[in-house]
> 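Before I ask anything, here is the structure I am working with.
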Amino acid sequence: MTGQAQATILGIETSCDETAASIVVRDQSGRGLIRSNVVRSQLDEHAAFGGVVPELAARAHVEWLDHIIAQALDEAKMDLSEVDAIAATAGPGLIGGVLVGLTTAKALAASINKPLLAINHLEGHALTARLTNGVAFPYLMLLVSGGHSQFVLVRGVGDYERWGGTIDDALGEAFDKVAKLLSLGHPGGPAVEAIAKKGDPKRFKFPRPLLREARLDFSFSGLKTAVRLQAEALAPLSDQDVADIAASFQDTVAAVIETRAGQALEKFAELFPGQEKRLVVAGGVAANQRIAAALEGVCATHHAQLIVPPIALCTDNGAMIAWAGAERLALGAQSALSVAARPRWPLDDPDMNVNPDAA
Ligand code: KG4
Ligand code: ZN
């Protein structure tokens with residue numbers, strides 16, 4: 001079965017603390033156009049707890065999702081009946097929230113008798129650069145968010161190879177934890193970056209775990225512990241101490257990312273000799289300017305192209321889910337209404353393969 005070349009997709013994202021819906025159109029030539037992209041962040045609901053509380057997140061998704069979908073249709077000046085397919089995150093993520101989005105998508109797809117596409121959230125991140133920049137396969141993706149830190153080789157839709165991940169904390173999580181122990185509030189990434197601007201990045205020398213090893217994995221919990229021990233040793237901390245610790249932590253992280261990205265680009269070049277090297281960044285940590293500068297540097301050294309989609313599309317959103325749905329639909333894919341929500345779902349899982357005959 002061939003896929004639908006031109007399609008209008010409703011995308012739904014509820015796997016963490018953003019309730020999001022978007023309308024994306026994919027034209028005959030494969031270009032994407034975002035007609036609407038509505039994101040409601042639950043930051044305020046979770047702020048008092050210093051992190052995302054799964055039960056509160058699921059409740060807020062239940063309360064808001066219908067409104068957010070209605071707003072996405074409204075902003076796109078569209079009726080649900082004009083949508084060609086409905087895509088929703090089916091995992092990985094907080095299972096209560098994923099269930100809210102996927103169940104809603106199933107009900108809507110059944111009500112208008114249109115295909116359902118159960119999307120892997122990480123695939124949404126992985127394919128965003130094709131929506132925003134029309135990037136061709138293959139490319140390398142660095143996903144650095146609150147829940148993930150990994151390099152992924154993106155060969156095609158549904159064809160991913162994970163080249164390493166974190167063996168403990170995700171990078172965004174490390175920023176959040178360091179912010180918490182420095183009493184900088186939640187989410188920690190932007191707060192650490194802001195205060196680090198006033199700090200001396202050379203004052204403290206923190207460990208760079210795993211860096212001597214060739215594998216492309218990350219580990220940030222030892223670094224976080226080193227930061228905590230340093231903060232305890234200096235307590236009570238002056239404003240300058242806090243700024244210096246934040247700056248030193250951020251520089252250490254940037255150095256780790258830079259080294260690892262260099263290794264990943266070398267591996268890419270070995271695998272695809274003569275092929276243009278492209279590194280796509282995704283996830284909330286992509287907003288960090290110090291890390292972005294490190295990535296620019298390493299890409300320049302390796303003559304690689306660095307692609308950073310607009311930050312609103314690097315963080316969780318419905319457009320990336322709609323787009324992944326559009327790419328799959330164009331290849332003839334479709335999900336059964338019985339498809340299950342999954343708390344864990346690695347990108348290189350065999351069931352990510354797009355089988356055009358399966359639809
Ligand atoms: O992708 P994202 O919005 O949500 C998911 O985790 O899925 O990423 C959020 C993470 C948080 O941990 C936040 O602290 C981090 O991204 N972050 C940053 C910055 N902005 C957001 N980390 C470092 N520097 C930033 N400027
Ligand atoms: Zn995400």
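Both counts, for ligands and for their atoms, begin at 1 and track the order of listing.
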> With a cut-off of 4.0 Å, which atoms of ligand 1 are near a heavy atom of G147?
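Taking each heavy atom of G147 in turn, ligand 1 has 6 (O) under 4.0 Å.
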> If the threshold is 4.0 Å, N to carboxylate O, is there a salt bridge linking E55 and R59?
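No, E55 and R59 are not salt-bridged.
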> Would you sort out whether D168 and S219 count as a side chain to side chain donor-acceptor pair (under 3.5 Å), showing the intermediate values?
CA-CA 6 Å; D168 39 59; S219 164; 2.7 Å; yes
> Using a plain distance cutoff, I'd like to know if E193 has any nitrogen or oxygen under 3.5 Å from a nitrogen or oxygen of ligand 1.
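E193 vs ligand 1: N/O contact under 3.5 Å present.
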> Should C16 be listed as contacting ligand 1, given a heavy-atom distance under 4.0 Å as the test?
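It does not, in that no heavy atom of C16 comes within the 4.0 Å cut-off of ligand 1.
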> Mind checking the CD1-CZ spacing from I95 to R342? Nearest 0.5 Å is all I need.
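Interatomic distance, I95 CD1 to R342 CZ, rounded to 0.5 Å: 10.0 Å.
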> As an exercise, identify every atom of ligand 1 less than 4.0 angstrom from a heavy atom of G146.
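With G146 as reference, the close atoms of ligand 1 come out as 5 (C), 6 (O), 8 (O), 9 (C), 10 (C), 12 (O).
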> Given S41, A286, G284, which one has a non-hydrogen atom that is nearest to atom 2 (P) of ligand 1?
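It is G284 whose heavy atom sits nearest to atom 2 (P) of ligand 1.
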> Could you tell me whether D176 approaches ligand 1 through its side chain, its backbone, both or neither, with non-hydrogen atoms closer than 4.0 Å?
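It is the side chain that touches ligand 1; the backbone stays farther off.
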> Minimum distance, heavy atoms only, to atom 24 (N) of ligand 1: which one of T315, L171, N288 is it?
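Ranked by closest heavy atom to atom 24 (N) of ligand 1, first place is N288.
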> Closest by any non-hydrogen atom to atom 15 (C) of ligand 1: pick that one out of V39, V285, D316.
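Among V39, V285, D316, the closest heavy atom to atom 15 (C) of ligand 1 comes from V285.
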> Applying a heavy-atom cut-off of 4.0 Å, say which part of P190 lies close to ligand 1: side chain, backbone, both or neither.
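Answer for P190: both.
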> Nearest 10° is fine: what angle sits at the Zn ion (ligand 2) between NE2 from H125 and NE2 from H121?
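Nearest ten degrees: 90°.
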> Taking the minimum heavy-atom distance to atom 23 (C) of ligand 1, which of A191, G189, S15 ranks first?
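Looking at heavy atoms only, G189 sits closest to atom 23 (C) of ligand 1.
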> So H67 and W64, would you call those rings parallel, tilted or perpendicular, with 30° and 60° as cut-offs?
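Ring orientation, 0 to 90° scale: perpendicular.
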> Flag the pair R290 and E193 as a salt bridge only when some basic side-chain nitrogen lies within less than 4.0 angstrom of an acidic carboxylate oxygen.
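Salt bridge absent between R290 and E193.
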> Assess whether a salt bridge exists between R40 and E63, defined as any Lys/Arg side-chain N lying under 4.0 Å from an Asp/Glu carboxylate O.
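Answer for the salt bridge query: no.
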> N120 versus Y160: any side-chain heavy-atom pair under 4.5 Å?
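Not touching, per the 4.5 Å side-chain cut-off.
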> If I consider every N, O or S atom in D316, which one ends up closest to the Zn ion (ligand 2)? I only need its name.
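It is OD1, the N, O or S atom of D316 closest to the Zn ion (ligand 2).
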> A cation-pi test, strictly: NZ or CZ of R278 under 6.0 Å from the centre of the six-membered ring of F268 and no more than 45 degrees from its axis. Yes or no?
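No.
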> Check for me, please, whether I12 and M320 land in the same ILVMFWY cluster - side-chain distances under 4.5 Å, paths through other members count.
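Per the 4.5 Å side-chain linkage, I12 and M320 are not co-clustered.
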> With heavy-atom distances below 4.0 Å as the criterion, list the atoms of ligand 1 near G283.
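Listed by number with element, the hits are 1 (O).
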> Is it the case that ligand 1 has an N or O less than 3.5 angstrom from some N or O of E18?
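Checking ligand 1 against E18, no N or O pair falls under 3.5 Å apart.
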